[in-house]
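Notes for the one structure printed next.
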Amino acid sequence: LLQDHQLHAAELERTFIAIKPDGVQRGLIAEIVSRFERKGFKLVAIKIVVPSKEFAQKHYHDLKERPFFNGLCDFLSSGPVVAMVWEGEGVIKYGRKLIGATDPQKSEPGTIRGDLAVVVDRNIIHGSDAPKTAKDEIALWFSHGELVSYTSNAEKWMYGVN
Ligand code: IDP
Ligand code: MG
């Protein structure tokens, strides 16, 4: 049986991941979802939305002083985005590892951006960079009721607590 602390260690960490309009248009939704899924992370929310420019500005508010901020927000709001919340032990940091470096030219082969993208302003995916941003971004993109808590049948095999 899962003990309480082990269950919580596996369940509590969540990150916000978004497939940007270029990833959606290029038909990479399943490819990207699959990389998180087969790693063993658990999908707890997913939807497809076209964010408004104002919403994109909120999402990227930390970058508002950067020269590329306006173009970035225009791009994020230019078409459908697949917004997701993934859960699992270490998912914030490891999600960033799966994604690769911000600039796909600097992303290792085997990462999402390394394998599937070429330039920094069309790098197909977003992932929260820290616990605080994960919490804020999940709250920005999803209401509480859109997050689904469940026990995955694979969990006891993933976490070795059976
Ligand atoms: P991250 O997505 O890897 O967390 P951030 O520094 O948070 O990278 O930047 C957010 C997004 O802004 C990047 O994913 C990328 O699409 C875009 N961006 C970052 N740096 C540049 C740049 O120098 N020129 C154009 N776009 C950039
Ligand atoms: Mg970032």
Side-chain angles (χ1 to χ4, degrees), residues 9-144 146-148 158:
E11 274 199 348
L12 282 187
E13 189 171 333
R14 289 174 168 178
T15 195
F16 174 71
I17 300 292
I19 305 172
K20 298 181 191 179
D22 48 344
V24 173
Q25 292 295 341
R26 291 178 51 205
L28 295 172
I29 298 170
E31 168 73 37
I32 290 169
V33 167
S34 144
R35 289 176 181 228
F36 280 83
E37 191 177 39
R38 73 191 195 201
K39 167 70 178 168
F41 293 133
K42 180 163 65 174
L43 185 62
V44 297
I46 184 167
K47 63 184 171 186
I48 185 162
V49 286
V50 181
S52 66
K53 176 137 188 210
E54 293 65 37
F55 191 91
Q57 288 166 338
K58 273 188 204 163
H59 172 74
Y60 278 128
H61 70 276
D62 281 349
L63 299 171
K64 63 174 176 293
E65 308 301 336
R66 308 295 289 275
F68 55 84
F69 179 69
N70 191 53
L72 177 62
C73 295
D74 275 340
F75 183 65
L76 191 73
S77 57
S78 70
V81 169
V82 173
M84 298 176 278
V85 179
W86 286 88
E87 185 178 279
E89 196 168 317
V91 69
I92 299 171
K93 213 173 203 178
Y94 208 89
R96 295 280 298 190
K97 268 178 113 141
L98 288 177
I99 289 170
T102 300
D103 181 352
Q105 296 285 340
K106 296 181 178 139
S107 299
E108 295 299 323
T111 64
I112 292 166
R113 287 171 175 162
D115 289 349
L116 306 170
V118 184
V119 295
V120 70
D121 53 335
R122 294 292 183 275
N123 64 4
I124 72 172
I125 182 167
H126 168 84
S128 306
D129 61 7
K132 164 86 170 102
T133 45
K135 190 170 183 285
D136 292 350
E137 289 169 3
I138 290 168
L140 176 66
W141 287 81
F142 289 97
S143 65
H144 190 71
E146 291 177 301
L147 303 173
V148 180
M158 297 302 313

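What you see below is based on every heavy atom in this structure, not just the backbone, and it leaves out hydrogens, waters and symmetry mates. Remember, it's 1-based here, ligands and their atoms both numbered in the order they're listed.
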Under 3.5 Å, N or O to N or O, is [X] touching ligand 1 that way?
| X | result |
| --- | --- |
| Asn123 | yes |
| Asp121 | no |
| Val120 | yes |
| Tyr60 | no |

**Report entry** side chain to side chain donor-acceptor pair (under 3.5 Å) partner of Glu137, the single match among Lys58, Lys132, His126, Arg14
**Finding:** His126
Of all the non-hydrogen atoms in the protein, which one sits nearest to [atom], and at what distance?
| atom | result |
| --- | --- |
| atom 1 (P) of ligand 1 | Thr102 OG1, 3.5 Å |
| atom 2 (O) of ligand 1 | Arg113 NH2, 3.1 Å |
| atom 12 (O) of ligand 1 | Leu72 CD2, 3.3 Å |
| atom 4 (O) of ligand 1 | Arg96 NH1, 2.7 Å |
| atom 9 (O) of ligand 1 | Leu63 CD1, 3.5 Å |
| atom 18 (N) of ligand 1 | Phe68 CE1, 3.5 Å |

Report task. Establish, yes or no, whether a centroid distance under 6.0 Å links the rings of Trp86 and Phe16. Result -> no
Query raised in the report: Can you find a pair of side-chain heavy atoms, one from Leu147 and one from Ile138, that are under 4.5 Å apart?
Result: yes
Query raised in the report: Just heavy atoms, cut-off under 4.0 Å: does Lys20 contact ligand 1 by side chain, backbone, both, or neither?
Result: side chain
Query raised in the report: Is the closest side-chain donor-acceptor distance between Asn70 and Lys64 under 3.5 Å?
Result: no
**Report entry** Over 12 foreign heavy atoms within 6.0 Å of NZ, Lys97
**Finding:** no
Query raised in the report: In Å and rounded to the nearest 0.5 Å, what is the NE2 to CG distance from His61 to Leu140?
Result: 9.0 Å
Query raised in the report: Where does the angle between the aromatic ring planes of Phe41 and Tyr94 fall among parallel (under 30°), tilted (30 to 60°) and perpendicular (over 60°)?
Result: tilted
Query - N/O donor-acceptor pair under 3.5 Å between Thr15 side chain and Val91 backbone - result: no
